[in-house]
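What follows is a single structure, written as structure tokens, with notes after it.
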2 protein chains.
Amino acid sequence: MPDTTTDLWFRVLNEVAIIDQLARALFEARLPSGFLVSHFSVLNHLIRVGDGRTPLELARAFQVPKTTMTHTLGGLERAHLVEMRPNPEDGRSKRVWITEEGRAFREEAIAGLGPDVARLAALVPEETMAALVPGLEALRRALDADRDRPGPP
Amino acid sequence: MPDTTTDLWFRVLNEVAIIDQLARALFEARLPSGFLVSHFSVLNHLIRVGDGRTPLELARAFQVPKTTMTHTLGGLERAHLVEMRPNPEDGRSKRVWITEEGRAFREEAIAGLGPDVARLAALVPEETMAALVPGLEALRRALDADRDRPGPP
DNA sequence: ACTATATAGTACGATATGATACTAAAGGCA
DNA sequence: TGCCTTTAGTATCATATCGTACTATATAGT
């Protein structure tokens with residue numbers, strides 16, 4: 001494996017890290033004070049894949065430790081954006097339901113981003129963005145698949 | 001602006017967030033206990049662009065608040081991986097110099113990643129990775145340029 | 001059924017990150 | 001020169017994130 005491979009991977013992952021940082025900062029600035037991208041992401045996920053997920057399912061979906069998800073869900077619950085109810089099929093577990101307030105919060109957040117997306121979309125052609133998707137998906141799948149193989153300790 | 005534009009941006013930024021999370025976790029697991037990607041990134045930056053940068057320059061390069069950079073540099077300094085010396089040209093400021101230990105730390109970290117990159121490179125064709133670079137750069141530049149225009153408060 | 005193991009969630013503590021507010025030095029301008 | 005504003009860095013504090021350890025429940029093996 002030539003060094004250029006490592007260089008290329010570093011370069012891609014470095015760009016990814018900067019993009020994530022900038023996008024997160026921009027988005028967070030649009031959310032009501034006290035809310036983070038993590039809160040929105042959970043609400044958005046519950047809409048996309050349907051609510052009634054368990055905390056552990058959510059933690060896996062976002063690749064965060066379950067303690068982090070407990071914390072994030074606690075914030076959402078205190079704000080009445082989700083409700084946690086016992087899981088009738090498993091006494092250890094719970095299910096997370098989004099409330100009407102939660103749905104409204106998500107929709108307002110998305111609407112609030114409209115002008116930002118519009119400004120950015122004027123700077124990056126739609127084809128450029130669309131062309132990124134397959135490569136990013138392939139990269140994400142590779143990293144995800146590799147996660148199961150810790151390799152050398 | 002059609003909704004599909006917002007959807008596309010969400011999709012790209014979501015993939016970016018997951019990739020960053022997975023890559024960071026993988027990398028951090030290879031670093032000596034107590035060190036984070038942020039520490040490595042600073043060392044790597046000092047090698048790439050040359051040391052003698054000021055803390056503020058570094059904060060800007062990584063798009064983090066200067067207080068965060070102060071903290072990160074503190075960790076590097078305690079571990080003797082960098083030295084902070086006064087800036088003779090500006091009494092308010094300092095300059096950051098990488099030590100021999102710092103150089104060695106960086107090289108070992110990169111070497112330690114070798115097997116990981118090799119495994120991942122087997123899963124994602126080099127062309128796929130290379131093809132991502134221009135689009136990611138364009139996206140990063142757009143986000144960076146937009147940062148100066150807060151838009152609607 | 002009984003025991004051992006695995007799993008879901010949480011409590012607690014450590015630390016990274018980031019906002020606010022401060023100090024000290026520079027720079028601008030009368 | 002003296003004053004005002006800007007800038008570099010840090011101290012302090014709030015909180016997000018995550019590791020460890022614990023409890024309660026479920027599952028497997030006998």
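No experiment lies behind these values; they were computed from the predicted model shown. In what follows, every chain begins at residue 1, and chains take the letters A, B, ... in the order their sequences are listed.
No more than 12 heavy-atom neighbours from other residues, nucleotides or ligands sit within 6.0 angstrom of CZ on A:R78.
Listed by residue number, B:T67, B:T68, B:H71, B:T72 are the residues of residues 67-76 of chain B with a heavy-atom contact under 4.0 Å to DNA chain C. For the segment residues 36-55 of chain A, residues with any heavy atom less than 4.0 angstrom from an atom of DNA chain C are, sorted by number, A:T54, A:P55.
In terms of hydrophobic clustering, with Ile, Leu, Val, Met, Phe, Trp and Tyr side chains grouped at heavy-atom distances under 4.5 Å, A:L36 and A:L22 are assigned to different clusters.
Within the 4.5 Å cutoff, the side chain of A:L120 has heavy atoms near those of the A:L26 side chain. No side-chain heavy atom of A:D51 sits less than 4.5 Å from a side-chain heavy atom of A:V96. In this structure, the side chains of A:V64 and A:T72 stay at 4.5 Å or more apart for every pair of heavy atoms. Taking 4.5 Å as the limit, some side-chain heavy atom of B:V42 sits within range of a side-chain heavy atom of B:F62.
Nucleic acid contact class of B:R24 (heavy atoms, under 4.0 Å, all strands): none. As judged by a 4.0 angstrom heavy-atom cut-off over every strand, B:R95 is placed among residues making no nucleic acid contact.
Here C:dT17 presents its P atom at 9 Å from CD of A:Q21, a figure rounded to the nearest Å. Atom P of nucleotide C:dA8 and atom CG of A:L58 are separated by 13 Å, given to the nearest angstrom. Here C:dA16 presents its C1' atom at 19 Å from NZ of B:K66, a figure rounded to the nearest Å.
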Interface polar pairs with nucleotides 23-25 of chain C, N/O, under 3.5 angstrom:
none

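Once rounded to the nearest 0.5 Å, the distance linking CZ of B:R141 with CG of B:L136 reads 10.5 Å. To the nearest 0.5 Å, atoms CE (A:M84) and CG (A:L73) are separated by 5.0 Å. Going from atom CG of B:L139 over to atom OG1 of A:T128 covers 9.5 Å, rounded to the nearest 0.5 Å.
Rounded to 10 degrees, the angle separating the terminal helix axes of the helix from C:dA1-D:dT30 to C:dA30-D:dT1, each built from five base pairs, is 20°.
Across A:A109 and A:L31, no two heavy atoms sit closer than the pair CB-CD2, 3.7 Å. Between A:G112 and A:R30, the shortest heavy-atom distance links the atoms O-CD, 4.0 Å.
Counting distance only, with no hydrogens placed and no angle test, the side-chain atoms of A:K94 and the base atoms of C:dG9 include no donor-acceptor pair under 3.5 Å.
Here the side chain of A:T99 pairs a donor or acceptor atom with the backbone of A:H80 at under 3.5 angstrom. Using a distance-only test at 3.5 Å, with no hydrogens or angles considered, a donor-acceptor pair links the side chain of B:Q21 to the main chain of A:Q63. Judged purely by atom type and a 3.5 angstrom limit, A:E83 has no side-chain atom pairing as donor or acceptor with the backbone of A:W97.
Closest-nucleotide positions on DNA chain D for A:E89 and A:V64 were compared, and the one nearer the 5' end corresponds to A:V64.
Aromatic ring centroids of B:F105 and B:H39 lie 6.0 Å or more apart.
Chain A approaches DNA chain D over the interval D:dA16 to D:dA26, counting the first and last nucleotide 5' to 3' with an atom under 4.0 Å from its heavy atoms.
Taking the salt bridge (charged side-chain N to carboxylate O under 4.0 Å, His left out) definition, one finds that B:E137 meets it with A:R11, sequence neighbours left out.
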